[in-house]
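Only one structure is covered here, and it is reproduced in the block below.
As the structure is a prediction and not an experimental result, all values here were calculated from the model.
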Amino acid sequence: MRYHNITKDDMLNGDGLRVVLWVAGCSHGCRECQNPITWDPAGGLPFTDSERAEIFAELDKDYISGITFSGGDPLHPSNIAEVTALAREIREKYPDKTIWLYTGSLWEEIQEYEIVRYLDVCVDGEFQVERKEVLLKWCGSANQRVINVPATLREGRVVLYVD
């Protein structure tokens with residue numbers, strides 16, 4: 001897996017103060033994407049034990065609410081195995097931290113993936129510039145959903161996250 005950035009004390013990509021891992025690799029190619037530099041799975045830098053330790057050092061802080069996986073697309077074939085393993089480890093080590101994930105895929109396409117068992121929130125759907133709404137919280141276009149994953153898994157239907 002490769003990545004472009006690790007953002008610390010982020011307040012824009014999920015609830016509370018978060019650490020955000022921006023991975024490389026996306027095949028959605030959304031028009032007017034805010035991060036087209038992250039589309040190339042060979043771009044960015046290798047994600048190594050050093051970056052993993054950096055993320056855990058942030059998650060060790062009491063005031064950090066959790067991690068957000070973004071990019072690029074964390075569910076791109078070049079990312080999904082390592083992002084899933086990292087999410088699993090974070091869930092085990094930090095059960096009280098929240099895990100958010102942004103993907104251009106729809107929930108209906110990914111609901112059987114192992115990673116969803118570790119997520120608290122999934123923001124799904126491609127960014128659609130014609131449906132762009134700047135006042136939306138945690139997403140960029142009206143077609144995207146901010147999904148409460150545990151409630152969705154329990155109820156067998158999409159339940160939206162509300163704070």
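- Side-chain N or O atoms of Arg2 include none that pairs as donor or acceptor with a backbone N or O of Ala24 at under 3.5 Å.
- No more than 12 heavy atoms of other residues, nucleotides or ligands shown are found within 6.0 angstrom of NZ on Lys132.
- Trp39 is not connected to Tyr102 by any chain of hydrophobic side-chain contacts under 4.5 Å among Ile, Leu, Val, Met, Phe, Trp and Tyr, and they are in different clusters.
- Looking at every heavy atom in both residues, Gly29 comes nearest to Cys26 through N-SG, 4.5 Å.
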Intermediate values then yes/no, side chain to side chain contact (heavy atoms under 4.5 Å, CB included), Trp100 and Val149: CA-CA 9 Å; Trp100 285 50; Val149 175; over 6 Å; no
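- For residues 19-32, the set of pairs meeting the salt bridge (charged side-chain N to carboxylate O under 4.0 Å, His left out) definition, not counting sequence neighbours, comprises Arg31-Glu130.
- Residues Ile80 and Ile55 share a hydrophobic cluster, clusters being chains of Ile/Leu/Val/Met/Phe/Trp/Tyr side chains in contact below 4.5 Å.
- Distance alone, capped at 3.5 Å, places no donor-acceptor pair between the Ser141 side chain and the Arg131 backbone.
- Listed for the Gln144 side chain is no donor-acceptor partner under 3.5 Å among the backbone atoms of Asp124.
- In this structure, CD1 on Ile90 lies 9.5 Å from NZ on Lys93, to the nearest 0.5 angstrom.
- No single ILVMFWY cluster, assembled from side-chain heavy atoms under 4.5 Å apart, contains both Val162 and Ile147.
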Does the side chain to side chain contact (heavy atoms under 4.5 Å, CB included) test come out yes or no for Leu160 and Asn148, once each step is laid out? CA-CA 5 Å; Leu160 298 181; Asn148 178 327; over 6 Å; no
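- Salt-bridge formation is detected for the pair Glu54/Lys8: a Lys NZ or Arg NE/NH1/NH2 atom is positioned less than 4.0 Å from an Asp or Glu carboxylate oxygen.
- Between Thr38 and Trp22, the side chains place no donor N or O within less than 3.5 Å of an acceptor N or O (distance only, hydrogens not considered).
- Scanning both residues, Cys122 and Leu119, for their nearest heavy atoms gives CB-CD1, 4.3 Å.
- Phe69 and Val146 fall into different hydrophobic clusters, where Ile, Leu, Val, Met, Phe, Trp and Tyr are joined by side-chain heavy atoms under 4.5 Å apart, directly or via other members.
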Val19 and Thr68: CA distance, side-chain angles, deciding distance, side chain to side chain contact (heavy atoms under 4.5 Å, CB included) verdict: CA-CA 6 Å; Val19 58; Thr68 298; over 6 Å; no
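- With a 4.5 Å cut-off on side-chain heavy atoms, Thr84 and Tyr118 count as touching.
- One hydrophobic cluster, built from ILVMFWY side chains closer than 4.5 Å, holds both Met11 and Ile64.
- Between Asp120 and Arg91, at least one side-chain N (NZ, or NE/NH1/NH2) sits under 4.0 Å from a carboxylate O, which counts as a salt bridge.
- Results of the side-chain contact (heavy atoms from CB on, under 4.5 Å) test with Leu21 over Leu101, Asn5, Ile6 single out Ile6 as the only residue that passes.
- Judged purely by distance below 3.5 Å, without hydrogens or angles, the side chains of Arg18 and Thr7 never pair a donor atom with an acceptor atom.
- Here the closest heavy-atom approach between residue His4 and residue Val23 is recorded as CD2-O, 4.2 Å.
- With sequence neighbours excluded, no residue forms a ring pair (Phe, Tyr, Trp, His ring centres under 6.0 Å) with Tyr113.
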Pairs under 3.5 angstrom only: tabulate donor-acceptor contacts from the side chains of residues 103-110 to other protein residues two or more places apart or in another chain.
from: Thr103; atom 1: OG1; to: Asp73; atom 2: OD1; distance (Å): 3.0
from: Thr103; atom 1: OG1; to: Asp73; atom 2: OD2; distance (Å): 3.0
from: Thr103; atom 1: OG1; to: Ser105; atom 2: N; distance (Å): 3.1
from: Trp107; atom 1: NE1; to: Gln111; atom 2: OE1; distance (Å): 3.3
from: Glu108; atom 1: OE1; to: Arg145; atom 2: NH2; distance (Å): 2.8
from: Glu108; atom 1: OE2; to: Arg145; atom 2: NH1; distance (Å): 3.3
from: Glu108; atom 1: OE2; to: Arg145; atom 2: NH2; distance (Å): 3.3
from: Glu109; atom 1: OE1; to: Leu106; atom 2: N; distance (Å): 2.8

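- The two residues Ser78 and Gly25 come nearest to each other via the heavy atoms OG-CA, 4.3 Å.
- A donor-acceptor pair under 3.5 Å is formed between the side chain of Glu51 and the backbone N or O of Thr48.
- No donor-acceptor distance shorter than 3.5 angstrom exists from the side chain of Lys97 to the backbone of Ile67, with no hydrogens or angles considered.
- Here the shortest heavy-atom pairing between Val20 and Ser70 reads CG1-CB, 4.2 Å.
- Here the side chains of Val121 and Ile99 are not in contact, with every heavy-atom distance at 4.5 Å or above.
- In this structure, Tyr3 and Phe47 have perpendicular ring planes: the angle between them is above 60°, well past the 30° mark.
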Give the C-alpha distance, both sets of side-chain angles, the deciding distance and a yes or no for side chain to side chain contact (heavy atoms under 4.5 Å, CB included) between Asp15 and Tyr161. CA-CA 10 Å; Asp15 205 6; Tyr161 177 84; 2.8 Å; yes
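- Summarising the geometry of Glu126 relative to Cys30, their closest heavy-atom pair is CB-SG, 3.5 Å, with the distance given to 0.1 Å.
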